[in-house]
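The basis for the numbers below is simple: all heavy atoms, side chains too, and nothing from hydrogens, waters or symmetry mates. Just so we're on the same page: letters track the sequence lines, and every chain starts at 1.
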Amino acid sequence: MAEHNPQATGSGYDPQAIEAKWQKRWADARVFESEADPSRPKYYVLEMLPYPSGTLHMGHMRNYAIGDVVARVKRMRGFNVLHPMGWDAFGLPAENAAIKNNTHPRTWTNSNIAEFQKVLRRFGFSYDWRREISTCEPEYYRWNQWFFLRMLERGLAYRKKSRVNWCPKCATVLANEQVINGYCWRHEDTLVESREIEQWFLKTTAYADQLLDDLKLLEGGWPDRVITMQRNWIGKSQGAKVKFPVADVPGAGSIEVFTTRIDTIYGATSLIVAPTHPLLAKLLESSPNRAEADAKLVQMRQSSVKTEDLATAEKEGFFTGRHASNPFSGEKIPIWVGNFVLMEYGTGAVMCVPAHDQRDFEFCRKYGLPVRVVVQPLEGEPLTPDKMIAAFDEHQQGKLVNSGPYNGLSPDDAIAKMTTVAEQKRFGSGEIVFRLKDWGISRQRYWGTPIPVVYCPKDGMVPVPDKDLPILLPPNPKLTGMGESPLAATPEFVNTTCPKCGGPARRETDTMDTFVDSSWYFYRYCDPHNNQAPYDSAKVGYWFPIDQYIGGITHAILHLLYSRFWCKVMRDLGLITHGEPASRLFTQGMVLKGGVAMSKSRGNVVDALEMAEKFGADTGRLYTLFAAPPEKDLEWSEESIEGSWRFLNRVFRLVERHAQSVRGTNRGNFDIAKASEKEKTLLRKTHQTLRRVTQDFESRWHFNSAIALLMELTNEIYAQEPLEEGMRPELRKEVLELLTLMLAPMTPHLAEELWEMFGHTEGLWKTSWPAFDSDLAREEEVEVVVQVNGRVRGKLKVPAGLAENELVTRAMAEHFVTQHSNGKRVVKHFFVPDKLLNLVVA
RNA sequence: GCCCGGGUGGCGGAAUGGCAGACGCUGAGGACUUAAAAUCCUCCGGGGAUUUUUCCUCAUGUGGGUUCGACUCCCACCCCGGGCACCA
């Protein structure tokens, strides 16, 4: 089809007119506005708020179409539904666009918001627009500042000099979660550098245990893979920290290692520290290997910047010339530097047990260090130093050898006993180590929330008092995109007075990571215009937790971890009582074109507004729901969308043809006993469809198969045309109205229009989801599949509910059975009522 | 390397241990039309037999297994996608 022309379908279906008409009516009747009402059951359904950039494409649209189906179904089922929308409006693209076009980030952002809003309204999504929020507005970000101050009071926000991830293109710091394989999450081609800067952190690690433990509460409600990803990210390891005194440098103290296998400590044949270990300078001072060591260190530190191939990199190391003593055995073992030991994890030093760890083994083999077996399996061949072991998972079945007083113990017993001994003798302790690190939130950019502290020469760092919030962004910043925060170059912002002493002071010039904005935005929807508090706890108490959260898998860690953290902090502040923000999470698939996700930079976006103009919003919605199950990726096809368009036209023509003749009758007012064959056929099909569509909407979210069922029903109605012959108007109405109601959550505008055509003066939005009638859905005659030895050999039309033995008798008389049983006897049979009979012959 | 997903016609996909390929797209043929569009009808996994009609057979990544019966459950392997990754 070269050029699409809606008028050419020969039907009166005009989506542009219909959709505008109903959008206005919904708005006038305030259909989607809802208020907290404890007398009614609530349902909070939410799609992740978009970053308003570029065009709103069909990828966005699919996300919102899914949420809108859920919102509309729940409304039809009597829930008080909260379904809001807003804008994740701070962020770098706005600032970069402003620099490029010499405008203000606000200008760019607000015009994008206006565009996005126009498109979302064009699609008729059932949002309560009164609750719209934009995170770049002071009414919103003042509460980011407020929360920050509360965290500061509790020691959950702190400042420290630290080595950070720095993206040269963003010209700012990135959180660990924003570094993907050593590259910036926004610039896939840009390696992240390492810099040392004073930074603000939020203490996510204070909640590491809760963030991990509470994942259990989400099981069943959140996708397993998201839970797994978070669990891995938090990365809890139970083990012990053990101090190895440095033997040959007086005053050097000891080196602490972290291990999960303290039971193998007698097998440690060396101690390996990270190239950036703080004690290294002291060890190498006056070391015989000094010059050689320094050269290697420089080399090692340089190459360790490239984290992307760390995992596959060759193990490198060198001997420091120093030794440490094993606190259990007193044995002197050499101290090495190894490139595979990470300063960021554990203590930055490991004991090297080559017999029971793959990495240690590789390292020792390369450098000729000895291998000593200290755990032997209970059964089978004993291990020898020549044989690679690393039998980590089997340590439960082993017993200790070469381990002094601990010989013969099981590894588990040894871990318990040795940890106790280490604690008693004060050279070690049982420890839990997390991979999760604190959340670095400082960003050296303009378009974000100013961090509300000032620095006073006299009083040091002073928090801004609540009454002075919000700290507003200066209206006319100098944006360069380079170096220091633009706020630092804005004197009217920087120069202030100390809240404590009144003397001159400087403001903090960093802004907050935009993930702060999205960490609690869904609470603000409950009470979006509150200027006394972030929100009213009673309102949040009614709506929360979110019943259904919907968004992309890309946020499995970043946003979804931060917002879980924020929720727990707010609970500890006494603002809320729940511990998890969303009880159910759905991660929808992406919309692809040419096999890759739509994005402006790739130039493969399908503009949602263009689709609406071409086919109408309802066709666009229907297609994204029909083309694939919602959790799977969907390859966009311009050809396939025509099928959805054709289907809606078929439905429209059908109702157009019959609406007039069924007006004035009441659906449901009929006597099925007196029904004709045609009536029974269609009523049965309709109620069977209703039963399955209801299931698909309620539990399985198989919108694609629900639509297929509605297509089948429509095809069946067409097959029974002309309906007027042998079908009473009230039954025609029943069939057509149920079809309309089932379509309503997905193609709401068309459904309203059809509803009106039936003669209803009240909007469909006031109608409940229909209940299916199991009596009507029941078949009178069924087709039973007959198998012989598990192979289909024929079918029998029999009355529904026919008794098992009767069916067997009938089947055995059939030619197709005798032919395939070859005179053998039926020794057994299996029967599924009204469905299947399997005769086993032998 | 480890952990999740997934693999079904030309394509998107359906089938919650019971007829594999629903529904849609594409394609082919036909009806209507001066013509086109739209609409409507028929056909559309492979092989074979019968060439009206129907029947047989193979087929859901590969190989095994459980079962009366497996796309579905179990084991092993291959491939694709995603996540994590010298995490001590």
Visitor: Using only heavy-atom distances, determine whether the side chains of A/Arg650 and A/Asn715 contain a donor-acceptor pair under 3.5 Å.
Guide: yes
Visitor: Look for any protein N or O under 3.5 Å of an N or O in nucleotides 4-13 of chain B and output each such pair with its distance, or none.
Guide:
from: B/G12; atom 1: O2'; to: A/Ala627; atom 2: O; distance (Å): 2.5
from: B/G13; atom 1: O3'; to: A/Asn704; atom 2: ND2; distance (Å): 3.3

Visitor: Taking any heavy-atom pair under 4.0 Å as a contact, classify A/Arg692: base, sugar-phosphate, or nothing.
Guide: nothing
Visitor: Of all the nucleotides listed (B/A88, B/C40, B/A22), which has the minimum atom distance to the side chain of A/Arg650?
Guide: B/C40
Visitor: Mind checking if A/Val433 touches a base, just sugar-phosphate, or nothing, with heavy atoms under 4.0 Å?
Guide: nothing
Visitor: Are any protein N/O atoms closer than 3.5 Å to N/O atoms in nucleotides 64-70 of chain B? If there are, list each pair with its distance.
Guide:
from: B/C68; atom 1: O2'; to: A/Asn838; atom 2: ND2; distance (Å): 3.4
from: B/C68; atom 1: O2; to: A/Asn838; atom 2: ND2; distance (Å): 2.4

Visitor: Which part of the nucleic acid does A/Asn715 contact within heavy-atom distance under 4.0 Å: base, sugar-phosphate only, or nothing?
Guide: sugar-phosphate
Visitor: So, A/Glu639 and A/Ser637: side-chain donor and acceptor under 3.5 Å apart, yes or no?
Guide: no
Visitor: Rounded to the Å, how far apart are A/Leu807 CG and B/G18 C1'?
Guide: 14 Å
Visitor: Between atom NZ in A/Lys437 and atom C1' in B/C84, what is the gap in whole Å?
Guide: 14 Å
Visitor: Go through B/C84, B/C19, B/G18 for me and flag the one nearest to the A/Lys835 side chain.
Guide: B/G18
Visitor: Whole-Å distance between B/G24 P and A/Phe615 CZ?
Guide: 17 Å
Visitor: Just jot down the ring-ring contact (aromatic ring centres under 6.0 Å, His included) partners of A/Trp636, sequence neighbours excluded, or say none.
Guide: A/Tyr623
Visitor: Verify the distance criterion only: is there a donor paired with an acceptor across the side chains of A/His658 and A/Glu724 at less than 3.5 Å?
Guide: yes
Visitor: Could you check whether A/His815 gets within reach of a base, just the sugar-phosphate, or nothing at all, counting any heavy atom under 4.0 Å?
Guide: nothing
Visitor: Taking only the side-chain nitrogens and oxygens of A/His820, find out if one of them lies under 4.0 Å from OP1 or OP2 of B/C56.
Guide: yes
Visitor: Is there a side-chain polar atom (N or O) of A/Arg231 under 4.0 Å from OP1 or OP2 of B/G83?
Guide: no
Visitor: Which value, in whole Å, describes the distance between the C1' atoms of nucleotides B/U72 and B/G83?
Guide: 26 Å
Visitor: Output the rounded distance in Å from CZ (A/Arg657) to P (B/U39).
Guide: 13 Å
Visitor: Assign A/His702 to base, sugar-phosphate, or nothing according to its heavy-atom contacts below 4.0 angstrom with the strands shown.
Guide: sugar-phosphate
Visitor: Ignoring backbone atoms, establish whether A/Ser237 has a side-chain N or O less than 4.0 Å from OP1 or OP2 of B/A88.
Guide: yes
Visitor: With the side chain of A/Trp233 defined as its heavy atoms from C-beta on, choose the nearest nucleotide among B/U26, B/A85, B/A88.
Guide: B/A85
Visitor: Could you state the OH-P distance from A/Tyr718 to B/U39, rounded to the nearest angstrom?
Guide: 10 Å
Visitor: Can you tell me which stems RNA chain B forms, taking runs of 3 or more consecutive Watson-Crick or G-U pairs with both distances under 3.5 Å?
Guide: B:1-7 with B:78-84, B:10-12 with B:23-25, B:27-31 with B:39-43, B:45-49 with B:54-58, B:61-65 with B:73-77
Visitor: Between B/G30 and B/A36, how far apart are the P atoms? Round to whole Å, please.
Guide: 12 Å
Visitor: Answer yes or no for A/Lys315 and A/Phe363: cation-pi contact, defined as NZ/CZ to six-membered ring centre under 6.0 Å and angle to ring axis within 45°.
Guide: no
Visitor: Just call it for A/Ser637: base, sugar-phosphate, or nothing, with non-hydrogen atoms closer than 4.0 Å on any strand.
Guide: nothing
Visitor: Nearest whole angstrom, please: distance from the P of B/A85 to the CE of A/Met229.
Guide: 10 Å
Visitor: Once rounded to the nearest 0.5 Å, what's the spacing between atom CE of A/Met61 and atom CE of A/Met598?
Guide: 10.0 Å
Visitor: Using the side-chain heavy atoms of A/Arg791, tell me which of these nucleotides is nearest: B/A85, B/U57, B/C56.
Guide: B/U57
Visitor: Give the table of side-chain donor-acceptor pairs shorter than 3.5 Å for residues 832-842 of chain A, with sequence neighbours excluded, one pair per line with atom names and distance.
Guide:
from: A/Asp834; atom 1: OD1; to: A/Gly801; atom 2: N; distance (Å): 2.7
from: A/Asp834; atom 1: OD2; to: A/Gly801; atom 2: N; distance (Å): 3.4
from: A/Asn838; atom 1: OD1; to: A/Gly790; atom 2: N; distance (Å): 2.9

Visitor: Applying ring-ring contact (aromatic ring centres under 6.0 Å, His included), can you list everything that pairs with A/Phe427, at least two apart in sequence or on another chain?
Guide: A/Phe328
Visitor: Rounded to whole Å, how long is the line connecting atom CZ of A/Arg435 with atom C1' of B/C2?
Guide: 13 Å
Visitor: Tell me whether the side-chain N/O atoms of A/Arg646 come closer than 4.0 Å to OP1 or OP2 in B/A38.
Guide: no
Visitor: Angle between ring planes, A/His555 versus A/His559, binned at 30° and 60°: parallel, tilted or perpendicular?
Guide: perpendicular
Visitor: Quick check for you: among B/C87, B/G18, B/C19, whose closest atom lies nearest to any side-chain atom of A/Val832?
Guide: B/G18
Visitor: What is the distance, to the nearest angstrom, from the CD atom on A/Glu721 to the P atom on B/C41?
Guide: 11 Å
